Every structure is written in C-alpha cells, then in structure tokens.
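Input: a single structure, listed below in structure tokens.
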Amino acid sequence: MASRRRMLLKVIILGDSGVGKTSLMNQYVNNKFSNQYKATIGADFLTKEVQIDDRLFTLQIWDTAGQERFQSLGVAFYRGADCCVLVYDVNVTKSFERLNNWREEFLIQASPSDPENFPFVVLGNKIDVDGGNSRTVSEKKAKAWCASKGNIPYFETSAKEGFNVEAAFECIARNAIKNEPEDDTYLPDTIDVGGAGRQQRSSGCEC
Amino acid sequence: MAEADAGSSPSSVDGGGGGSVQNDYPTIDPTSFDVVICGTGLPESVLAAACAAAGKTVLHVDPSSLYGSLYSSIPLPSLASFLSPDPSPPSSTAAAPDSHTVVDLQRRSVYSEVEFSGAAPEPARRFTVDLVGPRVLYCADEAVDLLLRSGGSHHVEFKSVEGGSLLYWEGCLYPVPGKRQDIFIDKTLGLLEKRTLNKFFNLVKEHVAAASVSPDEAGEVDASAKIPEEDLDLPFVEFLEKQGLSPKMRAVVLYAIAMADYDQDGADPLERLITTREGIQTISLYSSSIGRFANAEGAFIYPMYGHGELPQAFCRCAAVKGALYVLRMPVAALLLDEEKKHFVGARLASGQDILCKQLIIDPSYEIPTLDTSFGGPDLKSPRKVARGVCIISKSVKQGSSNVLVVFPPKSLEEQQVAAVRLLQLSSNLAVCPPETFVAYLSTPCTDVSSGKQCIQKAMHALFSPQASDGSEGHLETADESTVKPTLIWNCVYVQEIRQGTSRPLLSCPMPDEHLDYRNILESTKKLFTDIYPDEEFLPKKSAPVYADDDTDSE
C-alpha cells in the first residue's frame with residue numbers, strides 16, 4: 001500500500017472562479033479547450049499517467065467542482081494533497097490578490113506538518129487574452145510574490161493555446177513527488193470501499 | 001479565509017447559531033432553484049446528491065463554516081459552542097417582495113444537560129469529535145452502497161473496528177464471537193455453550209441461504225432449512241430461549257450482534273421487543289459484512305477523520321453534479337405564497353430572497369406551523385439519547401485499536417433499561433493524537449438524568465478517574481494489562497431525536513440512537529421518493545465517470 005501511495009499523486013487546483021482551473025486541467029489531460037464558460041460541472045478529478053525520471057506516476061488532479069465560488073470547499077477536499085496549484089487570471093487583479101487567501105486557506109485546512117516546505121505552484125493564466133494588452137498583473141509582480149512565499153515556482157500559461165501547460169504540470173508532478181506524505185502511518189490498512197477496480201479500468205494497465 | 005476574515009477560518013467554528021454573515025458574498029445567481037436545502041447533515045447531503053443526480057438545480061446552504069450540521073465531526077475546542085449554541089438573533093422582517101409573506105425562522109437547541117469534566121490534553125485541536133457517536137458502518141450496509149452509487153466512495157477511506165466487540169457481563173468483558181471460528185477458540189465459553197451457539201449460527205445461516213433463493217428455484221433447496229413463520233414473528237428473546245441459549249449467550253446475540261436497544265427480558269412495552277425476523281435480519285447483515293472487503297477485519301468500519309467526512313463526500317458528489325454550495329449562510333426566514341399555504345422560497349441571512357419549488361430545512365430549525373390542518377406541532381415529546389465522549393489513556397482491550405463494547409440492560413445497575421454501547425477509536429483513524437484513545441457512548445433514554453447516569457456508570461466501569469496528582473493508576477506494581485485506562489477528559493449530554501417529516505415542510509431526521517445509519521438513510525430515501533416519486537434515488541450510474549474521455553476524442 002505504501003508503494004501505491006507513492007505512485008498516486010493528489011494535486012488540487014485552487015483559485016477564484018473563472019480563472020481557468022478546469023480549462024487548464026482539460027488542456028493538460030485531454031488536450032481540449034472550450035471557450036464556453038460554465039461553472040464547473042461533471043468533473044470530480046482527472047487522472048493522467050506521467051513518467052518522471054523513468055518512473056510512472058498517476059497524477060490525480062482535483063477540481064473544485066464550483067465549491068470555491070462561495071469559499072465552501074470542505075476540509076475533506078484538501079486532505080492528502082501532494083501539491084497545491086494556485087491559479088489566477090493575469091487580466092484580473094483581484095484574482096491575483098486573492099492568491100494569498102487561497103494559500104492560507106489551504107495551509108489551515110490541509111494543515112500539512114511542514115507548511116514552510118509544502119509544494120505550491122502558481123500559474124498566471126489567460127496570457128493570450130487580447131494579445132496580452134488587457135493584462136493587469138505583471139510577471140514581475142507575480143514573481144515577487146512567489147519569491148516572498150518561499151520561492152514558489154511560477155508559470156505563465158494559456159489554457160486556450162496550450163501554452164506552457166505541459167511544462168507547468170511537469171513541475172507540479174515533480175514537486176508532488178518530493179512531498180513526503182505525512183499520514184503514511186495511517187494508510188497501510190485503510191479500506192477503500194470503492195476498491196481499485198474503477199480506477200484501474202480508467203487508467204488502463206496498472207503494471 | 002485570511003486571518004482578518006475570522007468568520008471563515010475553521011478555527012472559529014461557530015455552533016451554527018447564526019452570527020455575522022459575510023457582507024462580501026457575491027449575490028447568488030440564479031435566484032430560483034428546483035430545490036433549496038439548508039443544513040449539511042448526512043440526510044440533507046444525500047438528498048442534495050440525489051436531487052442533483054436527478055437533474056434538479058440545487059442550492060445547498062449551511063449556517064456553519066463546517067459541513068455536517070448535526071452529523072459533523074468538530075475540533076474538540078469547538079465542541080462546547082456546538083452543544084450550547086448562542087440563541088439565534090432575531091431576524092429582521094423586512095417587507096416581503098411581490099405578494100409573498102415572510103415567516104421568521106428560529107433555531108432550537110437539540111442538546112441539553114451538557115456537562116464537561118477534566119482538561120483535554122493539548123493540542124486539543126488534534127481531537128476530532130463526532131456528534132453522532134458511537135457509530136459505525138456495516139461493510140455490507142446501505143451507507144456503503146450509497147457511497148459507491150454516488151461516487152462518494154472516492155472521498156472517504158475507512159478502517160476496521162479490528163478489535164471486534166466485547167460484552168460487559170457481571171463486571172467483566174467477554175469477546176463476542178464474530179464468526180463461527182471465533183466460537184471454538186473462545187476460552188471463556190463452556191463446551192455446551194459453544195455447541196449451542198454454533199448450532200444457532202448454523203440455523204440462521206441456513207435460514208438466510210434458503211430465504212434468499214427466489215421462489216422458482218426453491219425446488220432445489222431444502223425448504224425445511226427456513227425458520228417457520230410463526231417463529232419469525234416471535235420475540236427474538238423467546239426464540240433464543242427455545243434454542244437453549246444461556247442468559248449470557250442470549251445477551252451476546254440480542255445486544256452485541258442483533259443490537260437490540262431495550263431490555264428484551266423486562267416488562268417493557270411490546271413494541272420495544274425485537275422479533276426473530278428483525279434479529280435475524282441484523283445478524284445476516286452482520287455476517288455478510290464480514291469478509292466483504294479483503295482488508296477489513298470484522299463487520300464494522302469507521303471513516304478516517306470521523307463521521308463528518310460522510311456528508312462532505314455526498315456534498316462533493318452533489319457539487320460535481322452542479323449543486324451550488326454556500327457555507328456560513330443561515331436561512332433567516334421562509335417565503336409563503338399569497339394564500340399562505342405553500343412555502344415558495346427562503347430569505348437568506350444576506351437578505352437575498354431565493355425562490356424554489358422544494359424547500360428542505362435542517363431539523364434544528366423550528367418549523368413554523370401554517371394552520372391547524374397540518375396537525376400542529378408534534379405533541380409527543382421526542383425520543384432522546386444520552387451521549388458521552390471520553391479521552392482515555394490506553395485501549396480497553398490490550399493490543400486492539402478500535403473496539404466496540406456493549407453493556408446489556410441491567411448489567412450496570414438494576415435501573416438500566418437500555419443497552420449502552422461504547423466505541424473506542426485510536427489514533428490510526430486520525431481522530432486523536434498517538435498514545436490517546438477516544439471513546440463514544442450512547443444509550444436511548446426517556447428520563448435525561450437516568451440516561452446520563454447510565455453513561456457515567458459505563459465510563460466508571462471501564463475507566464479509572466485521573467488521580468488528583470495527575471499520575472495514572474494507584475498501584476504502581478499492578479500488571480500493566482490489568483490497570484484500567486485512565487479517564488482524562490469527558491463530556492456527557494443529551495440529544496433529542498426528531499424524525500424526518502415531509503409536511504408542512506421537508507425536514508430530515510436527526511442522528512438516532514442506533515449504531516449505524518440504516519434507519520436514517522431509509523427515511524431519507526423515503527423523503528426523496530415523496531418529493532420526486534418518478535425519479536430513481538441515486539441510481540447506480542450517478543457516479544461521475546473517471547474514464548479518460550476517449551469516446552469523442554477523434
């Protein structure tokens with residue numbers, strides 16, 4: 001079971017509504033983008049197999065399912081995350097300013113044992129909009145904030161164009177692997193009533 | 001969420017008693033829904049998931065900053081404010097929009113006689129307290145099936161009550177045989193007892209096997225294996241006597257396996273006697289639970305991090321299906337139509353009016369009565385359950401982490417009319433720090449003081465009080481295995497139990513006196529069928545599909 005834990009990496013994506021969390025996931029996992037915005041419906045999490053340094057991992061990327069709209073994500077959502085991705089829209093200053101709240105919310109709710117070193121990755125999304133002319137948050141400003149929070153890796157992305165999405169998620173995966181799961185002691189004999197059946201089918205061969 | 005924003009940080013959990021409402025909440029859009037649900041207890045959360053799965057638009061609000069309402073698991077420092085919430089502030093009855101009438105909504109306290117004793121070890125935040133304890137799931141029960149059908153199983157993990165069950169009998173604890181092999185290795189049973197008990201379990205097993213065969217195949221099985229109908233209608237206790245079970249063995253079967261609540265030998269009203277049919281149903285669930293999951297030991301499982309995970313799992317399923325979630329949002333008033341006959345919406349504490357076709361309200365709200373044709377308030381006083389929560393220094397059963405203990409009626413004192421159940425949990429469930437254990441107790445009661453007294457007697461039967469100098473135990477030379485666990489901290493209280501109602505307003509059941517969720521989920525399902533008779537209740541296919549989305553990828 002301990003090895004299963006190491007193979008499966010839980011990643012959660014936080015940020016204000018409409019910054020493109022679901023689009024980033026969809027672009028990365030399914031190479032798809034839809035211009036039509038609807039508050040997230042239908043996706044619980046998406047999974048993708050990733051190979052990092054000759055080892056195979058399953059990245060399980062959790063969407064907020066719209067529960068972020070009124071800051072109503074339950075503590076269960078945050079549990080056991082290996083990496084937390086913070087997303088803002090470079091064209092909406094408020095979404096950048098709220099990154100700090102999302103980071104603190106995560107640290108309170110997930111209460112990782114070593115909050116100083118818990119892996120975050122920040123994505124500034126929608127850099128394609130209006131050729132970058134409607135941008136209100138500069139890369140410099142974003143990087144300065146990331147640096148002040150313990151050198152959080154920062155990526156500028158466009159879920160629409162697929163720009164930098166792959167690179168961002170590779171960094172996310174690498175950081176997730178580095179995170180030492182703290183509740184390993186709890187896990188060996190937990191009972192997953194759903195069994196592994198469904199997940200195995202969806203992700204193909206588990207070998 | 002930021003520190004300045006104290007109302008939303010989980011460290012400032014209020015009892016859901018109202019309090020200040022965030023002013024910076026965006027307006028909820030749309031302003032009308034098929035269903036508005038207030039309260040995120042397990043039944044409300046299951047209903048939200050079921051309604052969303054049936055394609056209904058759902059707004060789900062809760063006055064608290066935590067999910068779970070009366071079914072939540074809360075950090076220990078917040079327990080006192082949860083059990084004794086401040087009275088809800090008077091609502092402002094502003095002018096009604098259009099032709100609606102506004103009816104103010106009040107919350108009532110569900111808990112009484114709350115009593116704390118001892119100091120909780122620091123950091124107290126690492127103790128998570130269930131409001132529904134002691135409670136478990138049977139591996140094969142409806143709650144597990146609902147989690148599977150809704151997809152909620154992705155959000156909860158369980159551990160076994162691996163230490164099994166113990167029966168408190170004549171001042172000692174005896175293991176309850178969970179399966180037939182246990183009978184033979186049990187050193188506390190005499191040879192005759194072993195033989196009788198084994199014969200009885202065989203009889204039940206053959207009956208269940210024969211009864212589960214459909215009538216057209218019936219020719220191939222031995223119909224005589226079935227227990228005769230007239231025996232099935234007998235009080236279970238009489239049937240057990242007929243089978244020759246000794247008083248102690250009857251107590252094991254009645255209270256520790258069939259989970260009877262009330263004294264089956266006493267002069268209690270007949271309705272409290274369980275029939276053989278009911279007894280066998282629970283035994284059958286118990287035995288089909290054993291071995292259902294490869295790495296589960298025994299029949300019972302408990303959710304990691306506490307029972308509050310279950311409502312969250314169902315809410316998450318509902319959210320994935322499009323339900324809108326707003327925590328920290330009390331409902332201040334209800335909206336009535338022109339004839340003042342039907343509820344047509346809710347006024348949120350933010351002042352916004354939301355219209356809906358169906359309103360579901362947390363049972364801790366006082367439901368206003370519209371007119372006498374609804375029969376007025378329930379005049380019968382509600383059922384009550386006395387509950388206890390303890391922090392103890394070590395396990396009641398050496399070498400076991402999670403254990404169930406049953407005190408049959410009259411085992412603690414002559415006046416004990418109902419069984420007391422105790423569930424001990426360890427840090428392997430992430431509900432308490434290592435080196436400590438949490439124990440929950442409950443017993444149904446009509447008289448609050450005798451209910452509380454039973455809980456206290458049970459605590460004292462198993463635990464020794466903390467010495468005044470803080471040291472554990474009095475006899476330093478005593479063998480470690482015979483020293484009772486020390487009772488470090490405890491809380492005893494009484495909770496009223498109201499059933500779910502569908503009129504005049506839909507209200508879900510409160511946590512009941514039982515060990516599992518069977519009755520609660522059964523009435524939840526019934527409430528769903530009442531409002532949507534043509535919809536299936538959480539159909540199998542309602543779980544989201546996780547398969548890589550390759551059906552339309554070309």
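Note that this is a predicted model, so its numbers are computed, not measured.
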Testing the 3.5 Å rule here: is there a donor-acceptor pair between the side chains of A/Gln67 and B/Tyr67?
yes
How about A/Arg79 and B/Met304: do any of their side-chain heavy atoms sit closer than 4.5 Å?
no
More than 12 heavy atoms from other groups under 6.0 Å of NZ on A/Lys94:
no
Answer with side chain, backbone, both or neither: which region of B/Leu137 has an atom nearer than 4.5 Å to a non-hydrogen atom of chain A?
neither
When rounded to the nearest 0.5 angstrom, what distance separates CZ in A/Phe70 from CG in B/Leu324?
5.0 Å
Do you know which of B/Ile301, B/Val156, B/Val144 makes side chain to side chain contact (heavy atoms under 4.5 Å, CB included) with A/Ile191?
B/Ile301
B/Ser153 side chain to A/Val193 backbone, donor-acceptor under 3.5 Å
no
Aromatic A/Phe77 / basic B/Arg316 pairing, under 6.0 angstrom, 45° off normal
no
Write down the atom of A/Val75, the atom of B/Gln312, and the distance for their closest heavy-atom approach.
N-OE1, 3.1 Å
Roughly how far, to the nearest 0.5 Å, is OG of A/Ser72 from CZ of B/Arg328?
5.5 Å
Interface residue of largest heavy-atom contact number with chain A, from B/Pro311, B/Cys139, B/Ala296, under 4.5 Å
B/Ala296
Step through it carefully: locate the ring centre of B/His154, locate the ring centre of A/Trp62, and say whether they are under 6.0 Å apart.
no
Smallest separation among heavy atoms of A/Arg69 and B/Asp29, with atom names:
NH2-O, 3.4 Å
Below 4.5 Å, heavy atoms only, C-beta onward: do B/Leu327 and A/Gln71 meet side chain to side chain?
no
For A/Glu116, is the CD atom crowded, meaning more than 12 foreign heavy atoms sit under 6.0 Å from it?
no
